[in-house]
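Working notes for the structure below.
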Amino acid sequence: MRDLVDGSEGGRDGLLAIVERALELRAGARPQRFEGARLAAVFLDPSLRTRTSLEAACAALGVHPISLAPGSSSWALELEDGAVMDRDKPEHVKDAVSTLSAYVDVLAVRAFAGLKDAEEDRRDPVLSAFIRHSSVPVLNLESALWHPMQGYADAATLRSRFGDLTGVPLTLTWAPHPRALPAAVPNQVALTASLLGMDVTVAHPPGFDLDPEIVARTGVKVTHDQDAALRSARVVVAKSWSGFAGYGRREDEARVRAGLSAWQVRELPAGTGFMHCLPVRRNVVVADSVIDGPDSWVRETAALRLWTAMAVLERVLGASRV
Ligand code: CP
């Protein structure tokens with residue numbers, strides 16, 4: 001694996017190798033050390049968990065992390081190829097990435113979907129530009145399409161809870177939210193859980209479809225019957241996302257979304273695990289009683305972000321030093 005795009009790079013075995021190593025590290029295994037290695041993480045969008053877990057994982061492995069926020073702690077980046085740069089963006093992404101990759105061993109980037117043009121988001125333009133212009137491995141810290149670092153932590157949680165995941169029923173449910181959100185996390189849940197052999201159902205209101213290419217690739221089942229999908233699952237993952245067909249008509253979607261508060265996860269059958277990537281809008285997406293209840297695995301997953309980040313860095317830095 002040179003670049004981490006969606007966590008499927010090594011197939012099911014590659015995914016499980018990261019997960020098993022993360023669980024070993026959580027259980028007290030000694031991390032590999034990469035003294036003198038450097039990682040630069042570029043955040044074009046905010047983060048609490050991803051940034052902190054990555055920097056903490058670097059510290060545990062002897063790697064020096066450098067986090068940059070273009071537009072505040074570094075120059076705002078022009079992303080368009082061939083742009084006439086006479087406006088507010090002083091540096092082109094190709095110059096920034098080639099420069100950074102001369103200084104560090106690994107580059108990482110977070111850049112969410114623009115949610116304006118579906119075909120552009122499908123190209124994952126910022127992550128693709130980083131991969132194109134970097135001379136060192138690139139880690140995706142959540143792009144327009146995927147969030148593999150979250151996917152590894154989800155997978156580690158599921159593996160630690162169920163062991164063999166083959167055929168375990170997982171429901172990914174759409175949830176209400178005051179804003180239109182990208183689909184990187186639900187795409188990742190669908191891909192990761194399918195790769196693990198789980199029986200995945202996606203429940204969403206009409207009009208809030210995931211990208212049909214991703215539905216076809218992952219083979220997930222789709223339903224508009226949330227009640228049935230929650231009742232039949234052993235684990236429920238909640239997330240809001242903007243409908244694939246809603247690109248370019250957000251005001252229409254906002255009107256529809258405002259009438260969908262009944263999709264909040266208010267109750268689950270006893271023993272059904274609950275997961276959410278965080279941050280979460282409490283009592284909009286999910287009731288306090290569910291997320292704070294005995295079957296909530298949300299904090300375990302968030303904590304696993306540290307151990308999975310360490311396992312990913314071991315893999316990437318170990319491979320680049322062979
Ligand atoms: N789940 C997640 O990626 O959290 P942050 O956006 O805070 O990094």
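Just so you know, these numbers come straight off a predicted model, no measurement behind them. Count residues from 1 along the sequence. Order of appearance sets the numbers: ligands from 1, and atoms from 1 within every ligand.
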Whether over 12 other heavy atoms sit under 6.0 Å from Arg179 CZ: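 Not buried by this count: 12 neighbours or fewer within 6.0 Å.
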Do other residues, nucleotides or ligands put more than 12 heavy atoms under 6.0 Å from Glu267 CD?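 12 or below, so no.
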Results of ring pair (Phe, Tyr, Trp, His ring centres under 6.0 Å) for Phe244 - residues two or more places apart only: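 Residues passing ring pair (Phe, Tyr, Trp, His ring centres under 6.0 Å) with Phe244: Tyr247.
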So, using salt bridge (charged side-chain N to carboxylate O under 4.0 Å, His left out) as the criterion, who are the partners of Glu55 when residues are at least two apart?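 Expected list: Arg51.
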Under the salt bridge (charged side-chain N to carboxylate O under 4.0 Å, His left out) test, residues paired with Arg305 that sit two or more places apart: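 Once residues adjacent in sequence are excluded, Arg305 has no partner under the salt bridge (charged side-chain N to carboxylate O under 4.0 Å, His left out) criterion.
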Neighbouring protein residues of ligand 1 - any heavy atom closer than 4.0 Å: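 Only Ser47, Leu48, Arg49, Thr50, Arg110, His147, Gln150, Cys277, Leu278, Arg305 have heavy atoms that fall under 4.0 Å of ligand 1, ordered by chain and number.
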Show your working on salt bridge (charged side-chain N to carboxylate O under 4.0 Å, His left out) between Arg2 and Glu9 and close with a plain yes or no. CA-CA 9 Å; Arg2 192 199 96 133; Glu9 285 75 11; over 6 Å; no
